[in-house]
Protein chains: 2
Amino acid sequence: MAAVIENYWVTVLKALAHPTRLQIVIELLQGTKCVNDIHDLLPASQANISQHLTVLRNARIVDFAQDGSQRCYYVCRPELVAGVLALLRNEQPERKGSQPSVLATHNQR
Amino acid sequence: MAAVIENYWVTVLKALAHPTRLQIVIELLQGTKCVNDIHDLLPASQANISQHLTVLRNARIVDFAQDGSQRCYYVCRPELVAGVLALLRNEQPERKGSQPSVLATHNQR
DNA sequence: TCGTGATATTAGAATTTTCGAATATCACGA
DNA sequence: TCGTGATATTCGAAAATTCTAATATCACGA
């Protein structure tokens with residue numbers, strides 16, 4: 001039953017799990033940008049950025065507003081994306097911290 | 001400069017962006033489990049689950065404590081993982097909501 | 001030390017993702 | 001209507017991921 005929902009979650013996570021796409025959403029969180037703006041900021045071809053934007057759009061992470069011949073992209077789930085980024089920023093990959101009482105919650109078989 | 005950090009972020013996101021691995025961390029958030037426990041819960045082979053656990057371990061999302069011949073796995077960044085899941089749960093993929101003032105923040109080129 | 005349960009690793013095929021090159025579409029002004 | 005700037009799509013090839021089957025390792029008790 002949760003399978004459908006989790007498929008969507010996986011789609012969202014997969015969409016964010018790429019260096020270029022993560023950069024795109026980080027930039028878009030700063031403000032709406034058209035494809036050429038993004039192209040100027042990132043080391044990728046226009047076609048490639050367009051492809052990545054399609055992936056992000058299919059995951060319903062970004063959307064765009066047509067502005068003449070330009071498409072102004074924006075993050076349509078800012079709380080989600082900013083939230084995930086905030087969580088990642090708070091992580092210190094090196095700090096080990098206090099580990100949970102591992103064996104306590106484990107039912108021996 | 002931020003590239004190194006974001007590489008780690010992408011590693012984390014990529015590790016979570018798989019149905020089986022997402023299921024594994026969801027289960028592990030409920031409590032420490034050994035490989036066989038996970039194997040009983042999910043429709044995947046032992047070898048495959050072991051492989052997925054390696055991916056999660058490389059991303060520093062899970063770790064294990066050796067307990068005799070068993071390895072008790074647990075989420076070693078519960079705030080991060082639970083946080084991401086909470087954000088995903090709060091999302092209604094269908095709701096459109098109020099869109100930001102798209103054109104306002106966009107510098108015309 | 002041998003057997004066994006628990007887990008990991010390896011190898012290779014199948015699938016998916018990614019990207020560049022080329023081309024198509026689309027909006028608009030001359 | 002034509003040209004052009006802006007963006008999307010298509011097509012393969014290359015790279016990465018995923019899975020299965022087989023095998024290896026490891027801890028422990030008889």
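Order of the sequence lines sets the chain letters (A, B, ...), proteins ahead of strands, with each chain counted from 1.
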Taking all atoms of both residues into account, what is the closest heavy-atom pair of B:E6 and A:L22, and its distance?
O-CD2, 4.4 Å

If you define the side chain from C-beta out and look only at heavy atoms, does anything of A:L28 sit under 4.5 Å from A:V81?
no

Tell me: CG of A:D40 to P of D:dG5, nearest whole Å?
15 Å

For the student: nearest non-hydrogen atoms of B:K33 and B:I38, plus distance
CB-CG1, 4.1 Å

Taking every non-hydrogen atom, the tightest pair across A:C76 and A:P78
C-CD, 3.3 Å

To the nearest angstrom, the CD1-P distance between A:I24 and D:dT7 comes to 13 Å

Report yes if at least one side-chain N or O of B:H52 is closer than 4.0 Å to OP1 or OP2 of D:dC19; otherwise report no.
yes

Rounded to the nearest angstrom, tell me the gap between atom CD1 in A:I38 and atom P in D:dT7.
9 Å

In whole angstrom, give the distance that lies between atom CD1 of A:I49 and atom C1' of D:dT9.
16 Å

Under 4.0 Å protein heavy-atom contact, by nucleotide of nucleotides 21-30 of chain C - B base, S sugar-phosphate only:
BB----SS--

State whether A:Y73 places a side-chain N or O below 4.0 Å from either non-bridging phosphate oxygen (OP1 or OP2) of D:dA8.
yes

Distance check needed: D:dA6 P versus A:F64 CZ, whole Å only.
17 Å

Could you measure the distance from the CD atom of B:Q51 to the OG1 atom of B:T20? Nearest 0.5 Å is fine.
11.0 Å

Hey, is the side chain of A:R71 poking within less than 4.0 Å of OP1 or OP2 on D:dA8, counting only N and O atoms?
yes

Whole angstroms only, please: what is the CG-P distance between B:N58 and D:dA16?
16 Å

Check the phosphate of C:dT18 against A:N48, side-chain N and O only, distance under 4.0 Å to OP1 or OP2. Yes or no?
no

If only side-chain N and O atoms of B:H18 are considered, is one of them under 4.0 Å from the OP1 or OP2 phosphate oxygen of D:dC19?
yes

Sequence neighbours left out, what passes side-chain contact (heavy atoms from CB on, under 4.5 Å) with B:S69? Give chain and number order.
none

Reckon A:K14 has a side-chain N or O less than 4.0 Å from the OP1 or OP2 of C:dT17?
yes

Taken in chain and number order and not counting sequence neighbours, the residues that satisfy side-chain contact (heavy atoms from CB on, under 4.5 Å) with A:A59 are A:T11, A:A15, A:I61

B:K33 NZ - C:dT7 C1' separation (whole Å)
18 Å

Under the side-chain contact (heavy atoms from CB on, under 4.5 Å) test, residues paired with A:L87 that sit two or more places apart
B:L80, B:V84, B:L87

Under 3.5 Å for both pairing distances: what stems, at least three Watson-Crick or G-U pairs long, include DNA chain D?
C:1-30 with D:1-30

Side chain of B:S45 only, heavy atoms from C-beta on: which candidate in C:dA8, D:dT20, C:dG20 is closest?
D:dT20

d(CZ, A:R21; C1', C:dT18) in whole Å:
9 Å

I'd like to check the ring pair (Phe, Tyr, Trp, His ring centres under 6.0 Å) partners of B:H39; sequence neighbours left out, ordered by chain and number.
none

